[in-house]
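Let me begin by presenting the structure, written as structure tokens, before commenting on it.
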Protein chains: 2
Amino acid sequence: MREDTRTRIQEIALRLFTEQGYEATSLREIAEELGVTKAALYYHFKTKDDIVASLADLRVAEVEELLEWVKTQPRSPETRREVVLRYAEALRRPRYMEVARFMERNQTALRDHPKIVRMREAMLELVKEMSDPDDPLALRLGRSMSLFALHAGKWMPHEESVSEDEVMEASLEVALRLLEP
Amino acid sequence: MREDTRTRIQEIALRLFTEQGYEATSLREIAEELGVTKAALYYHFKTKDDIVASLADLRVAEVEELLEWVKTQPRSPETRREVVLRYAEALRRPRYMEVARFMERNQTALRDHPKIVRMREAMLELVKEMSDPDDPLALRLGRSMSLFALHAGKWMPHEESVSEDEVMEASLEVALRLLEP
DNA sequence: GTCTATATCGTGATAGAC
DNA sequence: GTCTATCACGATATAGAC
């Protein structure tokens, strides 16, 4: 059974926005890859920003959920570990990592987009929850990098002999190590 | 003595490109901040790309120099440590960190720009020189993140009570720790 | 749902006067 | 070195037929 057009637009847009950048990608390009005209896109999405919003939705809810959860937990090594594990788990879901990469690569272009702003704020709060204000600065910094380390594995170049799972496992190891002094 | 116009253009462009993104920043905006018309910019820079090139120049030579040096050294813990220290030292120079941030934030928009391509390749080689192919994956990943950790300190949010130097010192601590198993 | 046609705008860039 | 005036282009977005 064939995907619906809306989903195909999302997929094409996600790829092009990430590869070339949001502003550098025109609706004409997306339409051409889809095999329709520019105007047809406007039936499925009201504006170009709307496409971004639909992509952000794939991720925002999940991060905010994780944030809500962590707020109910004590600030302990176990909680931090669990946050990293849950975040890593989320990254395995289809398209999640791709959306994360799209956002990361287009932060400036999208810095005023409401959904992106919410996303950034949630991530900052999440990072904040992972340290006490009186922890040493280097430790706090390391923990801030922890979640990012999980993304980094996918973006760093490595040989083809290494499998996805191995990279994810190694990233997780780095991330967990960054939690501790 | 007043800065020359060329330098002022670079400064304004660097700030706007970083804050809003390269594509989102028009020459009109830069000209307005400078207090001249768009056309006047073209006396100082032949194209918009030329402004980027002049900004990249502030950093490319330095990284390539560091790369050349590391290639003459054995792959040892001391060499890796020295690379991180030298890179951290370079980041203290005026505008270097700002240029790094500008590049980082606009990687996609500038992905075909010759100077940016050279820069990325040099950084990748530099990272490569910091590990042996048979080191464990997690260690190689951590070392890849090491230089990035030095950037990260500046971007992560932290209280105003913390000084620049303290942040840099903490970043350095994280970076050095990432070098070791 | 998709089309053609068009409106409207801002962009990077150039020519030539001063 | 800076200006005015202008160009050519491609962008997002809309109207209305099919």
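Any value given below was found using the heavy atoms of this structure, including those in side chains, with hydrogens, waters and symmetry copies removed. Since the structure is predicted, the reported quantities are computational estimates derived from the model, not experimental observations. Throughout, a chain's letter reflects where its sequence line sits, starting with A, and its residues are numbered from 1.
Close to C:dG10, at under 4.0 Å from its OP1 or OP2, lies no side-chain N or O of B:S26. Contact check, A:T37 against C:dT2: no side-chain N or O comes under 4.0 Å of OP1 or OP2. The side chain of B:Y42 contributes an N or O atom lying less than 4.0 Å from OP1 or OP2 of C:dA13.
With D:dT2, C:dA13, C:dG1 as the candidates, the nucleotide lying closest to the side chain of B:T47 is C:dA13. Closest contact between the side chain of B:V36 and the listed nucleotides C:dG12, D:dT2, D:dA5 involves D:dT2. Considering only the side chain of A:A40, C:dC3 comes nearest among C:dG1, C:dC3, C:dA15. The side chain of B:L27 sits closest to C:dA13 out of C:dA13, C:dT2, D:dA5.
The interatomic distance linking A:D4 (CG) with C:dT2 (C1') rounds to 16 Å, in whole Å. Put simply, CZ on B:R28 is 15 Å from P on C:dA13, counting in whole angstrom units. Rounded to whole Å, atom P of C:dG1 lies 11 Å from atom CD1 of A:I9. Taking atom CG of A:D49 as the reference point, atom P of D:dA11 lies 17 Å away to the nearest angstrom. When rounded to the nearest whole Å, the span between CD1 of A:I30 and P of D:dA13 equals 11 Å. Between the P atom of C:dG10 and the CD atom of B:E32 lies a distance of 12 Å, rounded to the nearest Å. Computed from coordinates, the B:L41 CG to C:dT14 P distance equals 13 Å when rounded to whole Å. Atom NZ in A:K46 sits roughly 9 Å away from atom P in D:dT14 (whole-Å rounding).
Checking each of B:E33, B:Q20, B:E98, B:Q10 against B:R15 for a side chain to side chain donor-acceptor pair (under 3.5 Å) leaves exactly one that passes, namely B:E33.
Below the 3.5 angstrom threshold, one finds no donor paired with an acceptor across the side chain of B:K38 and the base of C:dT11.
Both B:F45 and B:I116 belong to a common hydrophobic cluster when Ile, Leu, Val, Met, Phe, Trp and Tyr are linked at side-chain heavy-atom distances under 4.5 angstrom. In the hydrophobic clustering of ILVMFWY residues, with side-chain heavy atoms under 4.5 Å counting as a link, A:L16 and A:V99 come out together.
Between B:G35 and A:E23, the residue anchored nearer the 5' end of DNA chain D, judged by the nucleotide with its closest heavy atom, is B:G35.
Closest of all the heavy-atom pairs between B:N106 and B:Y22 is OD1-N, 2.8 Å. The two residues A:K48 and A:T25 come nearest to each other via the heavy atoms NZ-O, 2.9 Å.
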